[in-house]
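Report on the following structure.
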There are 2 protein chains.
Amino acid sequence: MEAGTKAALERKCPIETVIHVLGGKWKPTILWLLLDSTKRFSELEKLIPEVTQKMLAQHLRELESDQLVTRTVYPSVPPKVEYSLSDYGKTLVPVMEIMCKWGETHQRPGLRQPVL
Amino acid sequence: MEAGTKAALERKCPIETVIHVLGGKWKPTILWLLLDSTKRFSELEKLIPEVTQKMLAQHLRELESDQLVTRTVYPSVPPKVEYSLSDYGKTLVPVMEIMCKWGETHQRPGLRQPVL
DNA sequence: TAGGGTACTTACTTGAAAGTAAGCTTTGAG
DNA sequence: CTCAAAGCTTACTTTCAAGTAAGTACCCTA
């Protein structure tokens with residue numbers, strides 16, 4: 001660990017942890033959809049038409065490695081893979097809800113807008 | 001507005017709005033410090049030694065244009081500029097608190113860690 | 001007249017995230 | 001024998017946030 005890193009860790013705002021796990025371009029949307037119900041890869045593709053297979057796969061892998069999402073493979077042909085919000089992922093739900101609420105209320109013209 | 005954008009806007013998760021305003025590398029830290037009290041540019045520099053003047057200025061300008069932060073210039077020599085959390089910025093406090101809490105609880109080894 | 005303090009800005013470079021396009025695997029159906 | 005379906009992976013390119021380093025403006029003090 002290099003000099004300064006420990007101090008940085010101590011001062012580092014825990015908010016960044018949340019931003020880190022939710023911070024991928026499509027992650028909030030994916031989690032939001034999974035909150036509703038378990039979904040297959042192809043269902044997510046259809047529900048988020050702008051996302052590429054690469055990004056969807058990558059974000060799902062990251063959410064899985066963060067343990068927010070559970071991946072279940074059914075060894076059938078053609079393959080079937082289901083993604084669902086884990087119990088751990090569900091601990092994020094109140095956080096997402098309050099973020100959502102603020103976002104809805106305060107998303108308005110005149111402020112800098114996120115890039116679509 | 002190009003094709004698809006409207007649909008994207010409608011489906012777009014409001015969580016992204018929050019991530020957008022808090023999403024700069026130093027923004028959560030800056031807001032956290034301003035929540036405590038009004039601070040000068042040079043004070044923020046000292047409190048966040050890793051940030052460069054460029055990034056601090058840029059983030060402060062963005063927070064100001066998002067109306068979360070108020071910038072007050074005192075026309076003295078040498079110049080004095082104070083930054084404080086606006087009333088609007090204060091509406092974000094409960095959101096930041098719950099994010100912080102989740103971050104503190106769930107920041108742990110074994111998960112993908114944010115880049116320092 | 002030279003230097004110092006405060007609060008920046010500008011030009012350039014680096015690196016990570018995201019996008020594009022194509023390929024792979026397995027097996028049953030035509 | 002070939003194709004389609006599902007769920008990816010790989011190689012390459014583009015975009016954009018962040019970092020580096022230097023410069024600017026102002027007036028005061030020594």
Go through the structure and list residues passing side chain to side chain contact (heavy atoms under 4.5 Å, CB included) with [X], not counting sequence neighbours.
X: A/Ile19; value: A/Ile15, B/Leu22, B/Pro28, B/Met99
X: A/Val73; value: A/Arg71, A/Val81
X: A/Leu34; value: A/Ile30, A/Lys39, A/Leu44, A/Val69, A/Tyr83

State which of [options] makes the closest approach to the side chain of [X].
X: A/Val77; options: C/dG5, C/dA7, C/dT27; result: C/dT27
X: A/Pro79; options: D/dA18, D/dA6, C/dA7; result: D/dA6
X: B/Arg71; options: D/dC28, C/dA18, C/dA7; result: C/dA7

> Counting only side-chain N and O atoms of B/Trp26, is one of them less than 4.0 Å from OP1 or OP2 of D/dG19?
Replying inline: yes
>> If the cut-off is 4.0 Å, is B/Arg40 near the phosphate of C/dA7, judged by side-chain N/O to OP1 or OP2?
In response: yes
> What does A/Tyr83 touch in the nucleic acid at a heavy-atom separation under 4.0 angstrom: a base, only the sugar-phosphate, or nothing?
Replying inline: sugar-phosphate
> So what does B/Thr52 hit on the nucleic acid, given a heavy-atom distance under 4.0 Å: a base, only sugar-phosphate, or nothing?
Replying inline: base
Are there any protein N/O atoms within less than 3.5 Å of an N/O atom in nucleotides 9-15 of chain C, and if so, which ones and at what distance?
{"residue": "C/dT9", "atom": "OP2", "partner": "B/Arg61", "partner atom": "NE", "Å": "3.2"}
{"residue": "C/dT9", "atom": "OP2", "partner": "B/Arg61", "partner atom": "NH2", "Å": "2.9"}

>> Applying salt bridge (charged side-chain N to carboxylate O under 4.0 Å, His left out), can you list everything that pairs with B/Lys80, at least two apart in sequence or on another chain?
In response: B/Glu82
> Of all residues at least two apart in sequence or in a different chain, which pass the salt bridge (charged side-chain N to carboxylate O under 4.0 Å, His left out) check with A/Glu64?
Replying inline: none
> DNA chain C: A/Pro78 or A/Gly24, which has the more 5' nearest nucleotide?
Replying inline: A/Gly24
>> Tell me the interatomic distance from B/Glu64, atom CD, to C/dA7, atom P, rounded to whole angstroms.
In response: 15 Å
